[in-house]
There are 2 protein chains.
Amino acid sequence: MAKVKLIDVALLAGVSKSTASQFLNGRFEFMSKDTQERIRAAVGELDYVPNPIARNLKAHKTKTIGVIVRDITGFYTSKTIRGVDDWCKQNDYNALIYNTDFDSAIEAKSLEALYQLRVDGIIIASSGKNTKLIAQYVEKGMPIVQFQLEHDGSEKNIILSDYKQAAFDATEYLIKLGHKRICFVTQDFKKVKSRNERYQGYADALNKYDIPLEPALIQYWQRETGLQHSIAQIIKSAAPTAFFAQHLAITTDLLSALNQAQIAIPDDVSLIGFDDLPMAEFFKVPITVIKQEPYMIGVEAAKLLLNNISDVNKAAQKIMISCSLMTRQSCRQI
Amino acid sequence: MAKVKLIDVALLAGVSKSTASQFLNGRFEFMSKDTQERIRAAVGELDYVPNPIARNLKAHKTKTIGVIVRDITGFYTSKTIRGVDDWCKQNDYNALIYNTDFDSAIEAKSLEALYQLRVDGIIIASSGKNTKLIAQYVEKGMPIVQFQLEHDGSEKNIILSDYKQAAFDATEYLIKLGHKRICFVTQDFKKVKSRNERYQGYADALNKYDIPLEPALIQYWQRETGLQHSIAQIIKSAAPTAFFAQHLAITTDLLSALNQAQIAIPDDVSLIGFDDLPMAEFFKVPITVIKQEPYMIGVEAAKLLLNNISDVNKAAQKIMISCSLMTRQSCRQI
DNA sequence: AATACTTACTAAACCGGTTTAGTTGAACAA
DNA sequence: TTGTTCAACTAAACCGGTTTAGTAAGTATT
């Protein structure tokens with residue numbers, strides 16, 4: 001492949017490696033106009049391209065960052081990655097993607113792999129089970145930015161969506177449509193900040209309109225096992241007029257379950273989802289959702305990380321990005 | 001960051017850099033058991049991790065490949081990339097993603113960027129406008145594997161879906177449901193092999209059942225401008241009883257147009273799409289489609305590329321992957 | 001006892017750049 | 001005349017590994 005090296009250019013131009021290197025790095029003040037011209041010509045003639053590996057070895061930089069996500073295939077995740085990557089490419093960086101498939105052991109391995117690869121920094125959507133490990137890498141000097149944070153941490157470099165506000169808005173929207181029995185479908189949120197915030201938004205909205213917060217209306221879901229109670233049970237025990245699903249996977253599970261139980265949306269119950277759904281416009285009933293801005297989150301994460309890399313003393317930042325309620329046809333006035 | 005280097009390990013173990021290096025590369029036959037143990041201990045104590053950049057500099061390898069796609073955000077593309085990446089990671093490679101957004105100039109730039117980065121090989125879903133350029137890089141010794149090929153080429157290392165068979169199957173399926181007027185909606189396929197093959201499959205099926213091939217039933221679509229004729233015009237001039245859309249974007253455009261024109265699927269017309277749609281189960285009418293295997297395509301592409309990298313004399317291969325017809329509810333017997 | 005062969009190492013070159021610390025010759029000042 | 005300064009370079013060290021060629025000591029062979 002490209003076997004032309006600096007010494008070839010230098011020889012052809014009749015200068016030393018040093019001078020050729022200076023030229024290539026734009027430090028023209030150390031050589032005559034004439035010399036510059038000769039080197040330029042030599043570079044052109046030989047079609048020379050510097051070897052970034054050799055360059056990076058000396059510079060102790062890789063111009064590469066790592067991105068650890070749960071699954072690049074996801075509707076939201078792929079967009080976040082696109083945002084990260086676009087910003088990186090614009091700034092002469094490359095991004096290496098590592099998928100964890102929601103497995104915190106793989107997450108830990110990925111972190112170590114990236115560390116060993118000497119990436120200049122890492123963006124991670126952490127499972128929350130490696131908080132200490134992440135702190136250790138930060139300690140060692142690795143710039144790390146987090147997003148989609150699922151745990152309560154004192155993390156400093158972090159991009160978050162304004163979940164609380166979004167949940168408040170969605171709940172208030174339902175209340176204004178006359179709903180009082182809104183079923184909040186969620187993963188366990190006791191120790192998970194991002195989920196807790198959604199719950200707070202929900203509770204705040206109920207509170208504002210003097211609607212009692214009823215435990216039966218809080219329903220739990222898990223990634224492996226799905227809904228804890230069947231739709232029939234939930235309807236029977238809590239009699240909700242609306243469901244508020246806390247993320248995409250919950251929304252689709254609910255949708256399937258409601259379909260199967262022949263419960264019509266929005267005629268029998270209303271539904272709001274957290275996170276937009278691809279192809280929603282073609283759904284039997286287009287679903288009203290809270291939309292996050294994954295592309296923007298990616299761009300902001302990359303910006304924050306690259307700033308941290310170039311300016312080590314940069315104070316850590318939290319960046320909050322707001323969500324928007326995308327109203328479609330899955331909620332009705334009652 | 002990790003500043004422990006080989007010399008530190010060597011010093012602590014009381015050996016030379018050379019011996020330490022031999023040890024790290026598993027060439028134990030050149031040293032005593034005792035020495036091995038001391039080096040192992042030193043590595044452990046210092047928490048030493050070799051610098052891959054220094055290693056790669058000497059090895060003339062980057063253990064990195066480039067992947068050029070149109071948009072990582074796509075439903076199919078993200079899965080292909082996941083396949084590529086999974087295979088790469090398993091084989092100690094990393095993949096760098098470049099998005100072109102369907103722009104062949106960006107494609108050319110990406111190719112050059114990856115070449116300059118000295119990646120060990122490239123997987124590309126080419127626009128078809130850089131055929132010569134790609135051949136030049138192959139000439140220069142860069143292993144390149146192509147997929148989602150949109151042009152007619154004599155490319156050797158290539159993964160393709162069996163479009164012809166798939167289009168034949170879909171068309172035959174419609175014919176067996178009693179359809180004779182099947183509208184083939186496509187991008188211009190004269191010079192684009194992958195599209196032409198679909199057309200061949202369509203034509204072959206019609207031919208098998210002695211159904212005349214009617215030009216009015218071939219309808220064109222473009223990425224920028226959408227359908228050439230309005231649905232109303234098409235219905236009026238060609239009177240199709242079924243539509244066969246040649247890729248995802250065409251399917252969704254058709255779906256919107258039919259929706260808007262209040263033409264019901266499958267009551268008024270049947271519809272088959274090429275490429276599956278995310279969330280299809282929640283559609284007003286779940287659409288029957290031809291499913292490709294993007295993950296598998298990614299894995300195969302990566303396999304082929306890594307084989308080419310490790311074995312330079314490896315004969316080039318074409319790998320054909322079949323599609324499957326996923327029948328849902330968008331076609332009816334007539 | 002002399003020679004050959006092993007074993008267990010090490011010195012030094014090398015990968016392809018960047019950077020530091022000089023060097024050289026000319027102009028200028030004292 | 002001698003010293004100083006400056007412009008325009010270059011030699012060599014350096015980044016952190018790998019690899020080749022070589023060496024010293026011990027054992028086996030003749």
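A note on names: the letters A, B, ... follow the listed sequences, proteins ahead of strands, and every chain is numbered from 1.
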- Message: Without decimals, in angstroms, what is the distance between B:Ile7 CD1 and C:dT10 P?
- Response: 10 Å
- Message: How many whole angstroms separate atom CG of B:Asn56 from atom P of C:dG17?
- Response: 15 Å
- Item | Nearest to side-chain heavy atoms of B:Leu57, which nucleotide of C:dG16, C:dT10, D:dG17 | C:dG16
- Query: Which residue lies toward the 5' end of DNA chain C, B:Glu29 or A:Tyr48, if each is placed at its nearest nucleotide?
  - Reply: B:Glu29
- Report yes or no: does A:Asp8 contribute a side-chain atom to a donor-acceptor pair with the main-chain N or O of A:Lys5 at less than 3.5 Å? yes
- Task: Kindly indicate, with the supporting measurements, whether the criterion side chain to side chain donor-acceptor pair (under 3.5 Å) is fulfilled by A:Gln148 and A:Ser194.
- Result: CA-CA 8 Å; A:Gln148 280 190 355; A:Ser194 66; over 6 Å; no
- Measure the distance from CZ on B:Phe23 to C1' on D:dT18 and round it to the nearest whole Å. 16 Å
Check nucleotides 19-21 of chain C against the protein and report each pair of N or O atoms closer than 3.5 Å, with its distance, or say if there are none.
residue, atom, partner, partner atom, Å
C:dT19, OP2, A:Arg27, NH2, 2.9
C:dT19, O4, A:Ser18, OG, 3.4

- Message: In whole Å, I'd like the distance from the CD1 atom of B:Ile53 to the P atom of D:dT18.
- Response: 13 Å
- Between A:Ile81 and B:Ile72, does a side-chain contact (heavy atoms from CB on, under 4.5 Å) hold up when you go through it step by step? CA-CA 8 Å; A:Ile81 292 202; B:Ile72 195 191; 4.0 Å; yes
- Query: Could you give the NZ-to-P distance, from B:Lys61 to D:dG17, as a whole number of Å?
  - Reply: 21 Å
- Message: I'd like to know if A:Glu112 pairs up with A:Lys109 as an ion pair, taking the criterion as any Lys NZ or Arg NE/NH1/NH2 lying under 4.0 Å from an Asp or Glu carboxylate oxygen.
- Response: no
- Message: Ring of A:Tyr98, cation from B:Lys89 - is the NZ or CZ under 6.0 Å from the centre and inside 45° of the axis?
- Response: yes
- Message: Can you confirm whether more than 12 heavy atoms, excluding those of A:Glu139, are under 6.0 Å from its CD atom?
- Response: no
- Item | Exam field: side chain B:Tyr76 to backbone B:Gln292, donor-acceptor pair closer than 3.5 Å | yes
- Using atom CG of B:Asn51 as one end and atom C1' of D:dT18 as the other, report the distance to the nearest whole Å. 13 Å
- Roughly, in whole Å, what's the span from CG in B:Leu46 to P in D:dG16? 15 Å
- Item | Euclidean distance, atom CG of residue B:Leu24 to atom P of D:dG17 [Å, nearest integer] | 9 Å
- Among residues 33-41 of chain A, which contact DNA chain C at a heavy-atom distance under 4.0 Å? none
- Query: Under the side-chain contact (heavy atoms from CB on, under 4.5 Å) criterion, do B:Thr80 and B:Val69 qualify, and how do the steps go?
  - Reply: CA-CA 10 Å; B:Thr80 303; B:Val69 292; over 6 Å; no
- Can we say B:Arg82 and A:Asp101 salt-bridge, meaning some charged N sits less than 4.0 Å from an Asp/Glu carboxylate O? yes
